[in-house]
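Step one of this worksheet: look at the structure below.
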Protein chains: 2
Amino acid sequence: MQIGEASRATGVSAKMIRHYESIGLIPAADRRDSNYRDYGAEDVHRLGFIRRARDLGFSIEEIRDLLHLWGDRGRESRDVKALTLSHIAELDQKIALLGEMRATLSHLAHCCDGDNRPDCPIIESLAGAAPLQHAHRH
Amino acid sequence: MQIGEASRATGVSAKMIRHYESIGLIPAADRRDSNYRDYGAEDVHRLGFIRRARDLGFSIEEIRDLLHLWGDRGRESRDVKALTLSHIAELDQKIALLGEMRATLSHLAHCCDGDNRPDCPIIESLAGAAPLQHAHRH
DNA sequence: CTTGACCTTCCAATGATGGGAAGGTGCATA
DNA sequence: TATGCACCTTCCCATCATTGGAAGGTCAAG
């Protein structure tokens, strides 16, 4: 199977498959006489694993860990669960931060008439006249 | 005021102040004889505006729009409100996506015993045995 | 034998920020 | 005065995951 077919089978772009190989996330693919990469069922399976993990927001380094756990027959599900829980905590943090941003903006938008007059509390808030309550630096 | 003091006064790093100047987000600062940048009250005000907008998650291009609206005396608060509402919609989308990711992971973690046995539903899900319900590509 | 789809490598860009090198400036203190 | 130190300058590179494109090689069908 050429890289294009592997890409279509897994939803991972050919660009990214080559990239994952270059950073050592996946082993170097076999080559045909034409120097084209050649993929088998196991490679497709691994790429599918990677895509699903990325869809869940795992970083490349976390996926690298997961692949090791996946490939290790003696792995402890405890480790996998710990990695997952840590990821959930990260997601909670992001969600909370975005929620605060949204609340602040929503409050401002609600106070803003939205008509032609230039008295806009949103701009005034940003200008520093009334300090924002929910602002956070990142 | 030198760039370091302007940085401390606004919470924007000196690196970023120079960067914002280089991309035209702020006008080129006055220079002293020493070629050091020189900032006044107006510059600090504008940098504070930028920092607050960034704290709220506005992108550089959105902030560029806001700065124009801010500087335009005849601005319509309608435009500012529209920009804010569009930003709220973006935030809602991100929050929803993260929420789905969290639900999927939480479900998996709940099903994962977390003991020594290698029967880990998290790994099995990622491996494709049981397709995830909440997976999204981005 | 040409066309077009596919593949290869390499280089560069995205967005926001940080790190650091190499060198100039300004001020206080020994 | 000299030395040190904090500050400034420009320039290049790194991050992270991904995309785009250029320049060129390979393969199948028409």
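Quick note on labels: first sequence line is chain A, next is B, and so on, each numbered from 1.
Rounded to an integer number of Å, the gap from CD of A:E61 to C1' of D:dT15 is 12 Å. Remark: P of D:dA14 and CD1 of A:I23 are 16 Å apart, rounded to the nearest angstrom. In this structure, the CD1 atom of B:I17 is 12 Å from the P atom of C:dG18, given to the nearest Å. Rounded to an integer number of Å, the gap from A:H19 NE2 to D:dT15 C1' is 12 Å. As a whole-Å value, the separation of A:I60 CD1 from D:dA14 P is 19 Å. The interatomic distance linking A:R51 (CZ) with D:dA17 (P) rounds to 17 Å, in whole Å. Distance CD1 (B:I50) to C1' (C:dA16): 13 Å, rounded to an integer number of Å. A:F58 has its CZ atom 17 Å from the C1' atom of D:dC16, to the nearest Å.
Every residue two or more places apart in sequence or in another chain that forms a side chain to side chain contact (heavy atoms under 4.5 Å, CB included) with B:R18 is listed here: B:I3, B:A14, B:R37. Residues satisfying the side chain to side chain contact (heavy atoms under 4.5 Å, CB included) criterion with A:H19, sequence neighbours excluded, are A:M16, A:S22, A:I23. With sequence neighbours excluded, the residues forming a side chain to side chain contact (heavy atoms under 4.5 Å, CB included) with B:S7 are B:I17, listed by chain and number. In this structure A:S86 satisfies the side chain to side chain contact (heavy atoms under 4.5 Å, CB included) test together with A:E90, sequence neighbours excluded.
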Can you run through DNA chain D from 5' to 3' and write each base as (, ), [, ], | or . depending on how it pairs? Watson-Crick or G-U wobble, both distances under 3.5 Å. ||||||||||||||||||||||||||||||
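When every heavy atom of A:I63 is checked against every heavy atom of A:A53, the shortest pair comes out as CG1-CB, 3.7 Å. Annotation for B:L67 and B:R46: closest pair CD2-CG, 3.9 Å, computed over non-hydrogen atoms.
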Give me, pair by pair, the N or O atoms of the protein and of nucleotides 6-10 of chain C that are less than 3.5 Å apart, along with how far apart they are.
from  : atom 1 : to    : atom 2 : distance (Å)
C:dC6 : O3'    : A:Q2  : NE2    : 3.1
C:dC6 : O2     : A:Y36 : OH     : 3.3
C:dC7 : OP1    : A:Q2  : NE2    : 3.3
C:dC7 : OP1    : A:I3  : N      : 3.3
C:dC7 : OP1    : A:G4  : N      : 2.5
C:dT8 : OP1    : A:R37 : N      : 2.8
C:dT8 : OP1    : A:R37 : NH1    : 3.0
C:dT8 : OP2    : A:R18 : NE     : 2.8
C:dT8 : OP2    : A:R18 : NH2    : 2.6
C:dT9 : OP1    : A:R31 : NH2    : 3.0
C:dT9 : OP2    : A:R37 : NH1    : 2.9
C:dT9 : OP2    : A:R37 : NH2    : 3.0

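Using a distance-only test at 3.5 Å, with no hydrogens or angles considered, no donor-acceptor pair links the side chain of B:E62 to the main chain of B:L83. B:D38 places no side-chain N or O within 3.5 Å of a backbone atom of B:R31 that could act as its donor or acceptor partner.
Residue A:V12 is not grouped with residue A:Y36 when hydrophobic side chains (ILVMFWY) are merged at heavy-atom distances under 4.5 angstrom, including chains of intermediate members.
Each of A:Y20 and A:D33 has a nearest nucleotide on DNA chain D; the 5'-most of these lies closest to A:Y20.
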